Amino acid sequence: MKCSHIAKIGIPLALGLLLLLGSVHPATADDQGQIQCSLTLSPASGPAPLTTNASGACSGGKRLKLTLAWGDGSHSATSSKNNIHAQHTYASPGSYTAVLTAQDSQGNSGKAAQAVNASKHKSRPPDCQFSVTPTAGNAPLQVSGQGSCSAPDGNLASTSIAWGDGATSAGDSGTHTYQQAGTFIATLTGTDTTGAQGSASQKITVAGPANRPPTCSLSLSNSAGTAPVAVSAAANCSDPEGALTRVLLDFGDGFYAGTANASHTYGAAGTFVVSAIAFDQAGNASNPAQQTVTVSAPASIYAGIANGQVAQYDKLGNRLSVQDSRLGGSMTGMAFDAVGKLYATAFTAATVASFANGAFAGTFGSQYNCKPESIAFDSAGNAYVGQAGCSHALLKFDAYGNLITSYPVATEETGSDWIDIAPDGCTIFYASEGKSILRYNVCTRQQLPAFSTALTKALSLRILPDGGVVMANLTNLMRLDSAGRVVTTYDAPGEDCWAALTLDDDGASFWAADYCTSDIARFELASPSPVMQFKSGTAANTVFGVVVRPASGAPTPAGPFVASSAQATVSAGQSASYSLTFSPAGAASGQTFSFSCANLPANSDCSFSPASVAASSAGASTTLTINTQRATAALLPFPWTRYAFALLLPSGLPLLLAASPCRRSRRSRRILALAAFLLLLVLLACGGGGGSSSPAPATPTSAPTGSGTTPSGSYTVIVRATSGNLQSSTPVTLVVQ
């Protein structure tokens, strides 16, 4: 067949086939009618019981009737419209087919179907655990969240953390910083592959920004030296909020100051840590700013020699240095105060010299009569000076050199030459170059019975811890027991002028100086012969006194002890009060502490309320009262004799003139009257007016007396809390106007 004939036949045939295929309906439509339907169920799957919503529609045909069969045997839904909407619950698990059927009045029909799957179990959401640390604090607060999630009925798809302040982070763990104050809920959420979600939450409370603690730096004027070492501490402290309340300086040896600047003298060897701590209104304390002070042991032995000098030696007898007072003459008795400052009586110059850091520091006290020979300090810082000549009186000074009073002690060959203070602080043992060791109670102002009368020539003495005495007896040295009986006699060949002695800091020996040879020897208390002896290096007849610097260590610090306000200003006769707080530390807690004060000015006293406390970890407090005095006019000395002569002379002058012979010339009477007038002027000039411009007699025989009034000035009083070897101390300033 020709191609043209094929074309004529094939083309109509292909068109006919296309028309035939186009007339075939899909599975959802009736082949004989022109009705088309669609059906949707939502959800089409889920755990039983599964409730689903059906939506169907059909088109084509006339006057359609729609029937929706659910496929589970339940009653079908119908509609006489072209669409249908119905809800149905599949109560039992299974796979179902919902079928929508449409039929018109001509018998044409159409269909649409939808598969439904009702599973046996409901899908459980993920299970999550979540914790945050910390859960509270001050902004800016950084927290760390730790969590985990698991999906019981599927695979975990994702996790995330919502921090509650708008910030989120992926994963189940992380860190976050809250910049503002508030209450926030941080939530960890887990989502599984079915879309189910589980979560866990944590509450975080953020307060405002924290009150930051103060900060301090510390500088010291000195950090090392040989005792005594004076150190000035300066703390530079600040508070970020500007609310600094106080600064505490701890010098490491039990001495505290409640100020940013303070000075302290270390009298004992050791290594001490100085600390500065600041406090703010919120109660925050700074980290301690610290510096170390190293104090080495001093030269041990000091000898008073000629030309107003004091020589230093080590315990091997090597001379180390010479300190010159520039006062000339003999230097006799010597003693150290509580901070290791050396004092020496300038016997010839009639004064007392002080030495600090190896150099002359000036004179101490005034109103000496003549020949001050020895000096001793009590625990309150007062100094007692024995005088060999003139009035022979024992003088008492405050720590600043103000005369407090004098004591008219009994004497023998000279005056109150060499003295020492008993542990009771009241009994003074002294020698007067006679046969006795004499005693006087300065607290009751009573002369006591002699301690001993068994000596040849009593010179320098020292009281032993057992209540006995070791004594320089010129030709030998003696130890007496507490009853005054001689128990040991000490001597060395060629030494016959034992005049001075001092106890060694080992508690078992003493040192003695021979005036004639200027030799110095050391004796064990238990042995009559010296264990060592050396030449002082100065000429014969020039060693007048000897002393050993105490080497006792510093007390154990008991904890901060400070005054809330460390300065008070009063007029003489008024009282000053200070509030002190004591914060025991370590072994001090639970101990009973008593309070005392030292370095009070003359004519003043102190008291505490309470006088002692049982220290607890909560701390304790006491009130210090310092009473000053002002002497009344009735107590002031009055020159009655001089005023009596001054008043009687004018009235007696006419009698004197009247008694003159009548024959005496007018010129003679004028001369007599002039002489009487001049005598009146002399009496008035010599004291009738109470002035003090006239020089004192060269060798006064009457003892000086104190004024009875607390002298004006600024005084540093040391306040102590003590329990055994536990001690804390602090300074307060008293200004007397």
Side-chain angles (χ1 to χ4, degrees), residues 332-333 335 373-374 376 378-379 384 386 388 392 394 407 409-515 520-533 545-548 550:
T332 51
E373 190 155 12
S374 62
D378 65 13
S379 60
Y384 292 83
H392 299 166
L394 175 66
Y407 305 95
V409 298
T411 60
E412 292 183 323
E413 299 301 322
T414 57
S416 51
D417 291 16
W418 293 91
I419 65 172
D420 200 8
I421 305 174
D424 64 7
C426 292
T427 305
I428 305 293
F429 285 60
Y430 67 99
S432 189
E433 296 194 13
K435 297 181 179 297
S436 305
I437 299 175
L438 303 171
R439 295 182 299 173
Y440 186 88
N441 190 313
V442 295
C443 297
T444 61
R445 303 186 72 90
Q446 290 181 318
Q447 189 71 42
L448 302 177
F451 179 74
S452 174
T453 59
L455 288 88
T456 301
K457 191 175 185 66
L459 296 170
S460 180
L461 61 87
R462 286 291 182 267
I463 301 172
L464 296 169
D466 63 2
V469 170
V470 61
M471 186 86 207
N473 192 37
L474 190 61
T475 58
N476 57 23
L477 303 154
M478 289 184 175
R479 179 182 180 182
L480 298 87
D481 64 15
S482 59
R485 298 172 298 222
V486 177
V487 293
T488 308
T489 300
Y490 310 88
D491 202 1
E495 310 291 352
D496 296 311
C497 301
W498 298 110
L501 59 78
T502 187
L503 297 177
D504 191 82
D505 53 21
D506 63 5
S509 63
F510 66 94
W511 299 79
D514 187 290
Y515 168 75
I520 298 174
R522 177 170 172 253
F523 292 85
E524 297 284 353
L525 287 172
S527 175
S529 300
V531 294
M532 76 160 294
Q533 195 170 355
V546 64
V547 70
V548 170

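What you are looking at is a predicted structure, and each value in this text was computed from that prediction instead of being measured.
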For this session: For Phe510, enumerate each residue passing the ring pair (Phe, Tyr, Trp, His ring centres under 6.0 Å) test, keeping only those at least two apart in sequence or located in another chain.
Result: Tyr490, Phe523
Problem set entry | Heavy-atom pair with the smallest gap, counting every atom of Tyr440 and Gln446 | CD1-O, 3.4 Å
Exercise. Can you tell me how far the CG atom of Asp506 sits from the CZ atom of Arg522, to the nearest 0.5 Å?
Worked result: 5.5 Å
For this session: Would you give the length of the straight line joining atom OG1 of Thr489 to atom CE of Met471, rounded to the nearest 0.5 angstrom?
Result: 13.0 Å
Problem set entry | Side-chain heavy atoms of Ile419 within contact of Leu394, under 4.5 Å | yes
Exercise. How would you list, by chain and number, every residue that makes a salt bridge (charged side-chain N to carboxylate O under 4.0 Å, His left out) with Asp466, sequence neighbours excluded?
Worked result: Arg479
Seminar exercise, completed: The side-chain contact (heavy atoms from CB on, under 4.5 Å) partner of Val470 among Ile463, Thr488, Leu503, Leu477 is Leu503
Exercise. Looking at residues at least two apart in the chain, or sitting in another chain, which of them share a side chain to side chain contact (heavy atoms under 4.5 Å, CB included) with Ala526?
Worked result: none
Exercise. Quick one: OG on Ser432 to CG on Leu459, what's the gap to the nearest 0.5 Å?
Worked result: 10.5 Å
N/O donor to acceptor pairs below 3.5 angstrom from side-chain atoms of residues 450-458, sequence neighbours left out:
unit_1	atom_1	unit_2	atom_2	d
Ser452	OG	Ala454	N	3.2
Ser452	OG	Gly484	O	3.4
Lys457	NZ	Glu433	OE1	3.4

For this session: Before giving the answer on side-chain contact (heavy atoms from CB on, under 4.5 Å), spell out for Arg462 and Thr502 the whole-Å C-alpha distance, their side-chain angles and the decisive distance to 0.1 Å.
Result: CA-CA 7 Å; Arg462 286 291 182 267; Thr502 187; 4.2 Å; yes
Problem set entry | Pairs touching residues 472-513 that satisfy disulfide (SG to SG under 2.5 Å), sequence neighbours left out | Cys497-Cys516
Seminar exercise, completed: Residues pairing under side chain to side chain donor-acceptor pair (under 3.5 Å) where one sits in residues 417-429, two or more places apart or in two chains, turn out to be Glu373-Trp418, Thr414-Asp417, Asp424-Thr427
Problem set entry | CD1-CH2 distance between Ile520 and Trp511, expressed to the nearest 0.5 angstrom | 8.0 Å
Problem set entry | Heavy-atom pair with the smallest gap, counting every atom of Ala500 and Gly545 | CB-CA, 3.5 Å
Exercise. Which heavy atom of Ile428 sits nearest a heavy atom of Val442, and at what distance?
Worked result: CG1-CG1, 3.6 Å
For this session: Would you give the length of the straight line joining atom CD of Glu524 to atom CG of Asp504, rounded to the nearest 0.5 angstrom?
Result: 8.5 Å
Exercise. Excluding sequence neighbours, so at least two apart, what forms side-chain hydrogen bond (donor to acceptor under 3.5 Å, both in side chains) with Asn476?
Worked result: Asn473
For this session: Under the side-chain hydrogen bond (donor to acceptor under 3.5 Å, both in side chains) rule, collect the residues that match up with Glu413, sequence neighbours excluded.
Result: none
Exercise. How would you list, by chain and number, every residue that makes a side chain to side chain contact (heavy atoms under 4.5 Å, CB included) with Gln533, sequence neighbours excluded?
Worked result: Ala492, Glu495, Asp519, Ala521, Pro530
Exercise. What residues form a side chain to side chain contact (heavy atoms under 4.5 Å, CB included) with Arg485, not counting sequence neighbours?
Worked result: Asp481, Ala483
For this session: Determine which pairs satisfy disulfide (SG to SG under 2.5 Å) with at least one residue from residues 428-475, sequence neighbours left out, and list them in order.
Result: Cys426-Cys443
Problem set entry | CZ on Phe429 to CG on Leu461, rounded to 0.5 Å | 8.5 Å
Seminar exercise, completed: Residue set satisfying side-chain hydrogen bond (donor to acceptor under 3.5 Å, both in side chains) with Gln447, at least two apart, ordered chain then number -> Tyr430
Exercise. Where is the tightest heavy-atom contact between Glu412 and Ser436, given as atom of each residue plus distance?
Worked result: OE2-OG, 2.7 Å
For this session: Indicate the atoms forming the closest heavy-atom contact of Thr475 with Asp491, along with that distance.
Result: O-OD2, 3.3 Å
